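Here is the structure we will look at.
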Amino acid sequence: MRNLTDAVCQTRAQLEAGADWDIIVIGAGITGAGIARVAAQRGYRTLLLDRGDLAGGTSNFSSKMVHGGLRYLGQGHFRLTRQAARARERLRQRWPDIITPLPYYLMHHRGRGPGPLAMRLVLWIYYRISGAKPFHRPHWLTPEQLAARLPGLNLADNLGANHYFDAVCDDSHLVLRTLEEAVAQGADLSHYTEVTALRRNEQGQINGVDIACGERRCQLTAPMVINATGVWADGLTPLPEGLMMRPLRGSHLVFDQRDLPLTASLTLFHPRDKRVVFCYPWAGTSVLGTTDLDHLADKNAPARCSAEEREYLLELLPLLGLNHTPPILSSWSGLRPIVTPQPKAGEKQAPSDASREHLIWDEPGLVNVTGGKLTTFVEMAEEVMASAESQGRLPEPQPQPDIILTQRPHLDGSAIGNSLTPRHELVHWARHGAIHQLSDLLLRRTRLGWVLGEGLRAYQDEIQQLCQPTLPWDDSRWQQEWQHYWHHFQQYHQE
């Protein structure tokens, strides 16, 4: 069975040879990966392209939560919440090693946010529509019970907490597993391959793409192109009339678990604007986030946490019993693809009130999709494929058995530093993860960069020794990769 490295190498050779495909999918985030998996499973010759790394955009910078969205339920988006909550349960069953349940404690403070009784009702509805297991039924915790659950924190005066369950994941690994399944079904894959233009036939219909891969320029023909580039979707084709792309930035801060010990997610109402913010354990660290702001900078440049966002998030620390700011290991910021109507003169909508519904629009030979939630990517993929097949341009599908890749066998091996990443996992991704540059390995295939921060410097030589046999860069190339990595980290992930 092909791994990601093999798939990319074979695909690059096919590009050189002028191969053709039934479907070309643009964008290797969770949406594009899901579409490629469904298309390949139906027997279509499928090619997935991305101008950057796999899971290099929004799908790498989410809050790592697979949930139905309590906030959406509170806003009356019952259908979206129900769809997402049910989808969460299906994803947990398919990939239990990537998507795991986590207890959430929604803390209440006097005069801040909805009252405990109102939230108990909302959480009960949320539980019933999700189809979750009985032992995930929500219940109430007194202040004393809450303190007993989180003995490492000196929690500020509170009224208690509503206890409920949702799920967390490694978003990048969810993309990678989906891509591995797509490749196993026969999909082809080429990252760091930019689609520079959509091609049209004499009738003006889409029939392929122009691409740039390094110094190579190619023209690819296919009866169906799917644009799944998220917040960048309007760069290839205009949105439907009357709609606009509204990129929203969400930022997170990462702390050492020893400084902020957590065994569950704390759901907090921010004292400034009553927005919900989470503080939760992830990958051996504690994460505080997210913000929700209009991103006014160039969306083609990497986003970073602003000083204002940093201060906004740190305002929550007193609610966690901290009267000081512990060292921040790292941060991440991502852009959410939100599609909204063009505002009327003087009309404003708070970012957190903008709908997370996805949008699909098409023309002959092209289907576009953007927006939506990480939780519902499978349903989005099915909907996109239904739209593509309805155009009648694709050959008769030849469905194959669905391939579900389970967790890899555990191999003994100590972790690197305070991370949860065993050395053998690092070597696995170096060999099989289609690594193009060191950031791919340290920020997306593994999370060593985020969870160790500057502490990663102590393991540079060891990482090189472990990976050089499978990443055959000479010493000079390794030094260049390290310099590039630290420049990127300090510019976009260091506080």
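Here the structure is a predicted model, which is why all the values come from computation and not from measurement. Positions are given from 1 along the sequence.
A donor-acceptor distance shorter than 3.5 angstrom exists from the side chain of Thr178 to the backbone of Leu174, with no hydrogens or angles considered.
In summary, of the residues considered (Arg90, His358, Lys373), a side-chain hydrogen bond (donor to acceptor under 3.5 Å, both in side chains) with Glu379 occurs for Arg90 alone. If you run salt bridge (charged side-chain N to carboxylate O under 4.0 Å, His left out) between Asp170 and each of Arg177, Lys64, Arg447, only Arg447 comes through. With Cys279 as reference, Leu260 is the one residue of Leu313, Leu316, Leu319, Leu260 to meet the side-chain contact (heavy atoms from CB on, under 4.5 Å) rule. None of Phe489, Trp450, Tyr485 except one satisfies the side-chain contact (heavy atoms from CB on, under 4.5 Å) rule with Leu442; the exception is Tyr485.
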Assess whether side-chain hydrogen bond (donor to acceptor under 3.5 Å, both in side chains) is satisfied between Ser387 and Asp362, documenting all intermediate values.
CA-CA 8 Å; Ser387 180; Asp362 60 13; 3.0 Å; yes

Stepwise side chain to side chain contact (heavy atoms under 4.5 Å, CB included) check, Leu176 with Trp429
CA-CA 11 Å; Leu176 294 170; Trp429 285 118; 3.9 Å; yes

For His493 and Leu443, run side chain to side chain contact (heavy atoms under 4.5 Å, CB included): C-alpha distance rounded to whole Å, both residues' side-chain angles, the deciding distance at 0.1 Å, then the answer.
CA-CA 10 Å; His493 299 297; Leu443 293 176; 4.0 Å; yes

Evaluate Ile211 against Glu194 for side chain to side chain contact (heavy atoms under 4.5 Å, CB included), listing each step before the verdict.
CA-CA 5 Å; Ile211 66 169; Glu194 182 177 8; over 6 Å; no

If you apply the rule side chain to side chain contact (heavy atoms under 4.5 Å, CB included), what do you find for Asn300 with Arg51, and how did you get there?
CA-CA 11 Å; Asn300 290 313; Arg51 67 180 179 182; 3.2 Å; yes

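If you take CZ on Arg45 and CG on Leu394, they are separated by 10.0 Å, rounding to the nearest 0.5 Å.
Residues Gly204 and Arg200 come closest through the heavy atom pair O-NH1, 2.7 Å. The two atoms that bring Tyr280 and Ser63 nearest to each other are OH-O, 2.8 Å, heavy atoms only. Of all the heavy atoms in Leu329 and Thr285, the pair that sits closest is CD1-CG2, 4.3 Å. Here the shortest heavy-atom pairing between Ala84 and Thr375 reads O-CG2, 3.1 Å. The two atoms that bring Arg92 and Ile99 nearest to each other are CG-CG2, 3.5 Å, heavy atoms only. The two atoms that bring Ile403 and Ala184 nearest to each other are CD1-O, 3.6 Å, heavy atoms only.
Counted by atom type alone, Tyr164 and Arg120 present zero donor-acceptor pairs between their side chains at under 3.5 Å. Inspection of the Trp486 and Gln491 side chains reveals no N or O donor paired with an N or O acceptor under 3.5 Å. Under the 3.5 Å distance criterion, with hydrogens and angles disregarded, no donor-acceptor pair is assigned to the side chains of Gln398 and Arg42. Between the side chains of Thr291 and Glu309, at least one donor-acceptor pair of N or O atoms lies under 3.5 Å. Defined by atom type and a distance below 3.5 Å, a donor-acceptor pair is missing between the side-chain atoms of Glu180 and His432. Side-chain N/O atoms of Thr229 and Asn227 include a donor and acceptor closer than 3.5 Å. For the 3.5 Å distance criterion, the side chains of Glu389 and Tyr44 qualify, holding a donor opposite an acceptor. Between the side chains of Arg336 and Thr290, at least one donor N or O lies within less than 3.5 Å of an accepting N or O. Side-chain atoms of Asp210 and Thr196 form no donor-acceptor pair, as typed in the model, at a separation below 3.5 Å.
A heavy-atom distance below 4.5 Å is not found between the side chains of Tyr492 and Cys305. Residues Leu198 and Ile26 meet the side-chain proximity criterion, which asks for heavy atoms closer than 4.5 Å. Looking at heavy atoms from C-beta onward, Leu4 lies in side-chain contact with Leu189 at the 4.5 angstrom threshold. Here the side chains of Leu317 and Leu314 are in contact, with some heavy-atom distance below 4.5 Å. Counting heavy atoms from C-beta on, the side chains of Thr58 and Leu374 never come closer than 4.5 Å. Two residues are said to be in side-chain contact when any heavy atoms from C-beta on lie closer than 4.5 Å; Asp166 and Arg88 meet this criterion. Side chains of Arg12 and Cys213 form a contact here, defined as non-hydrogen atoms less than 4.5 Å apart. Counting only heavy atoms from C-beta outward, the side chains of Leu179 and Arg37 never approach each other to under 4.5 Å.
In this structure, Asp171 does not pair ionically with Arg444, as no charged nitrogen and carboxylate oxygen lie closer than 4.0 Å. Checked for salt-bridge contact, Arg94 and Asp402 meet the test: a charged N lies under 4.0 Å from a carboxylate O.
Between Phe278 and Tyr104, the ring planes lie perpendicular to each other; the angle is over 60°, past the 30° to 60° tilted range. Between His163 and Tyr105, the ring-plane angle classifies as perpendicular under the 30° and 60° cut-offs. The aromatic rings of His191 and His436 sit perpendicular to each other, their planes meeting at more than 60°, with 30° as the lower class boundary.
No cation-pi contact links Arg304 to Trp332, judged by a cut-off of 6.0 Å to the six-membered ring centre and 45° from its axis.
Residues in residues 221-237 take part in these salt bridge (Lys or Arg N to Asp or Glu O under 4.0 Å) pairs, two or more places apart or across chains: Asp234-Lys299. Residue pairs satisfying the side-chain hydrogen bond (donor to acceptor under 3.5 Å, both in side chains) criterion with at least one member in residues 213-224, sequence neighbours excluded, are listed as follows: Glu16-Arg216.
Aromatic pair Trp282/His252: ring centres not closer than 6.0 Å.
Atom NE2 of His109 sits in a crowded spot, with more than 12 heavy atoms from other residues, nucleotides or ligands closer than 6.0 Å. With a 6.0 Å radius and a threshold of 12 heavy atoms from other residues, nucleotides or ligands, Arg82 has its CZ atom at or below the threshold.
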